[in-house]
Colleague: 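One structure, as structure tokens, below. Some questions next.
Keep in mind the model is a prediction, meaning the values are calculated, not measured.
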Amino acid sequence: MRVSISPLGDLGPYFQNLLSELGAGAAGCVVASRLSETSARVLLLEEGPSATPETAIPRLAILPYVTNTGHFRRVKGISRGNSLLGVENQTISMIVPRVMGGGTTVNGALYVRGAKLDYDNWSALGNPGWDHASLLPYFKKSEDFRGTITEHTDAYHGKGGPLTVDTTDDVREMKEIIRPVAAELGLDIIDPNGPNNIGFAPVHNAIRSGVRASASEAFLKPVMRRPNLHILTGARVDKILFNKNKKATGVQYTFRGKTRIVNARKEVIISAGAVMTPKLLIHSGIGPRKQLEKLGIPVVALAEGVGQNLGTHVTIPLYWKIKPGLWFSTKDFLSPHNIVTYIKKQTGFYSTPMGPTMHTYLNVGGSNPRRPDVDLYMGLQIGVKLPFYTREINSQIAGPLLNEPVLFATDMLCRPKSKGYIAITSKNPVELPVVHYNVYEHPDDIKLHLKGVEELRRIMDSEAIRKIRVAQPDLTLKACAHLGNNTDGYWECYARHMTIFNEHFCCTAKMAPPTDPMGVVSSRLSVRGVSGLRVVDASVMPEVVSTNTMATVYVIAEKASDIIKQDWGYLTKEQV
């Protein structure tokens, strides 16, 4: 069952509410739900539609990508220089969700928080209250954890929160495959959201009894009947409106082809995500001077950091052929038994998401030994054609494995030093920005990334993994073969051809103290240079966390909700 929102129509120019919140992704759904707990009136504007029924089925999360259901925008992403060499035109059309629930409606449902030191570093950068100890109560507040808890992990998990987090059957099966590997290599098997951040970590998923627990389902559906919560889908916000004192007074949006205005009595909150939030800020007159002048947009407030400091994770994919019978086959997708089992019981093949089932968090020499540098995440799948890559790459890497059982593993660099940026190319609100990633622009990144490849190959050469492998086809990348077999030069060449980036966008309106010239919001998430405007989404992260970002966005929104409540007198200082 998906949250279904009926458009409200023209709200009129004088809807007196606490906020006009822009964007119904993970952050927007949380903030709207939490603020509607008060007497404030809350308006949530979302450009996309309600989710379609298949998005509730974990195994079908990939369908919106291949069926073009309108749940996303394709935003051009490029990386110049000596990277993405195996990708068509060194350009990838990346996915920016456009649907109720945002990425939580169409992603792999991985709920992983990152390392404690990630958040402690946010605080050390001049953002008080954003350390791990301060955020842990908010992580727990969201969570209804149904996985295994031990005496060492009990303090890290919540019960009874809106968001169900669990361990699926395929993850448990992968854990049994990895258990002898961990013993052989002397690595711990850890809770990915527990006290230890180094070791093999069976994934946690936001899934409730075989059904995806998206942000809209978890946080909005239970409170839809609150009279002070109003939701309008199909509303594209074009810009924030300000008075002469630079206070945000409302927003201009387009609904059913007509331009409309809604006023906010107290404040406006942007939760449009790390790609679209900078676009909206710049279209509203907040951003770098050169970009505003180039687009002919009147300056409301200068903020050089808007759209800069783009962070995400870069990944090197590798594949191993394994024995048949360890995983599903292509026939399982059309199996009447699997379909009926899911319809009746929400169990079996369709109840588990496609994607990784095991993280491997390792420190390979780039930072504090308790903080991972790489995440070697892996899972079992059937060999398929690889999106984004050239025909030549697919023939060499994917071709020999098509429809074969495969152990895939991805070497993800946890915190790249290379930073990208969002380029706003037009003042027309319909035009999408371009994402510049600058992969491997910093020389330390590829050095550290290749250390992860060494560790991954060590894991795959373990005696336990060799027992499930079969004779391997030749997967040599021909463009790199002249550098020798398994040499450092070969793997660097492989990385420059094969490395792509995850859609873990963040940091483009970063939280920072006033002394940081590239900061955009304060530690209370208020936008610099104006009043009555906040940003609550992944763009406020000072730097990317060491793993998938969904859980981090949830905790940002939970804390932000209490900050906003306090600022308007709904909470005392001691309650935040």
Colleague: Any sub-3.5 Å donor-acceptor pair from T508's side-chain atoms to A274's backbone N or O?
Modeller: yes

Colleague: With a 4.5 Å limit on heavy-atom distance, are the side chains of V535 and L525 in contact?
Modeller: no

Colleague: Minimum heavy-atom separation for G48 and T233, please, with both atom names.
Modeller: O-CB, 3.4 Å

Colleague: Closest heavy-atom contact between L407 and M174?
Modeller: CD1-CE, 3.8 Å

Colleague: Tell me if a side-chain donor or acceptor on T153 pairs with a main-chain N or O of T150 at a distance below 3.5 Å.
Modeller: yes

Colleague: Is the closest basic N to carboxylate O distance between R534 and E267 below 4.0 Å?
Modeller: yes

Colleague: Taking only residues two or more places apart in sequence, or in another chain, which ones meet L402 in a side-chain contact (heavy atoms from CB on, under 4.5 Å)?
Modeller: none

Colleague: Looking at H504 and T312, would you say the former's side chain and the latter's main chain have a donor-acceptor pair under 3.5 Å?
Modeller: no

Colleague: For T277 and D537, which I'm curious about, is there any donor-acceptor pair between the side chains at under 3.5 Å?
Modeller: yes

Colleague: Rounded at 0.5 Å granularity, tell me how far CD1 in I269 sits from CD1 in I240.
Modeller: 11.0 Å

Colleague: Could you note down all residue pairs passing salt bridge (Lys or Arg N to Asp or Glu O under 4.0 Å) where residues 328-344 supplies at least one of them, sequence neighbours left out?
Modeller: none

Colleague: Could you list the residues that satisfy side-chain contact (heavy atoms from CB on, under 4.5 Å) with P353, not counting sequence neighbours?
Modeller: P58, T168, N205, I207

Colleague: Can you confirm whether P97 sits close enough to T105 that some side-chain heavy atom of one is under 4.5 Å from a side-chain heavy atom of the other?
Modeller: no

Colleague: If you define the side chain from C-beta out and look only at heavy atoms, does anything of L413 sit under 4.5 Å from P416?
Modeller: yes

Colleague: Do T254 side-chain atoms and G257 backbone N/O form a donor-acceptor pair below 3.5 Å?
Modeller: no

Colleague: Which residues pass the ring pair (Phe, Tyr, Trp, His ring centres under 6.0 Å) test with H157, not counting sequence neighbours?
Modeller: F145, H204

Colleague: Only pairs at least two apart or in different chains count here, so list each side-chain hydrogen bond (donor to acceptor under 3.5 Å, both in side chains) that has a residue in residues 349-358.
Modeller: R59-T352

Colleague: With sequence neighbours excluded, what pairs up with R226 under the salt bridge (Lys or Arg N to Asp or Glu O under 4.0 Å) test?
Modeller: none

Colleague: When rounded to the nearest 0.5 angstrom, what distance separates OG in S426 from CD in E431?
Modeller: 5.0 Å

Colleague: Has K159 got more than 12 heavy atoms of other residues, nucleotides or ligands less than 6.0 Å from its NZ?
Modeller: yes

Colleague: Thinking salt bridges, do E143 and K140 make one under a 4.0 Å N-O criterion?
Modeller: no

Colleague: Partners of S39 by side-chain contact (heavy atoms from CB on, under 4.5 Å), sequence neighbours excluded?
Modeller: Y570

Colleague: Determine, stepwise, if the pair R146 / D144 fulfils salt bridge (charged side-chain N to carboxylate O under 4.0 Å, His left out).
Modeller: CA-CA 6 Å; R146 299 185 181 182; D144 182 19; 3.3 Å; yes

Colleague: Can you list, pair by pair, the side-chain donor-acceptor contacts under 3.5 Å of residues 376-390, counting residues two or more places apart and other chains?
Modeller:
from : atom 1 : to   : atom 2 : distance (Å)
Y377 : OH     : N502 : ND2    : 3.1
Y389 : OH     : M498 : O      : 2.5
T390 : OG1    : I393 : N      : 3.2

Colleague: Should R236 and D238 count as an ion pair when the cut-off is N to O under 4.0 Å?
Modeller: yes

Colleague: Which residues pass the salt bridge (Lys or Arg N to Asp or Glu O under 4.0 Å) test with E404, sequence neighbours left out?
Modeller: K321

Colleague: For a quick test of reading the model, state the closest non-hydrogen atom pair linking Y361 to T547 and the distance between them.
Modeller: OH-OG1, 2.8 Å

Colleague: Report the residues that fulfil side-chain contact (heavy atoms from CB on, under 4.5 Å) with N197, sequence neighbours left out, ordered by chain and then residue number.
Modeller: A115, K116, P372

Colleague: Strictly by modelled atom types, are T52 and T55 linked by a side-chain donor-acceptor pair under 3.5 Å?
Modeller: no

Colleague: Y342 versus T347: any side-chain heavy-atom pair under 4.5 Å?
Modeller: no

Colleague: Please list all pairs passing the salt bridge (Lys or Arg N to Asp or Glu O under 4.0 Å) test where one or both residues lie in residues 26-36, with sequence neighbours left out.
Modeller: R34-E37, R34-E558

Colleague: Can you check whether V406 reaches I322 side chain to side chain, under 4.5 Å on heavy atoms?
Modeller: no

Colleague: Nearest 0.5 Å, please: how far is OG in S546 from CE in M412?
Modeller: 7.5 Å

Colleague: Taking side chain as C-beta onward, heavy atoms only, is L310 less than 4.5 Å from H436?
Modeller: no

Colleague: With sequence neighbours excluded, tell me which residues meet ring pair (Phe, Tyr, Trp, His ring centres under 6.0 Å) with F501.
Modeller: Y437

Colleague: ring-ring contact (aromatic ring centres under 6.0 Å, His included) between Y554 and F219: does it pass, once the steps are laid out?
Modeller: CA-CA 11 Å; Y554 277 131; F219 288 90; 5.6 Å; yes

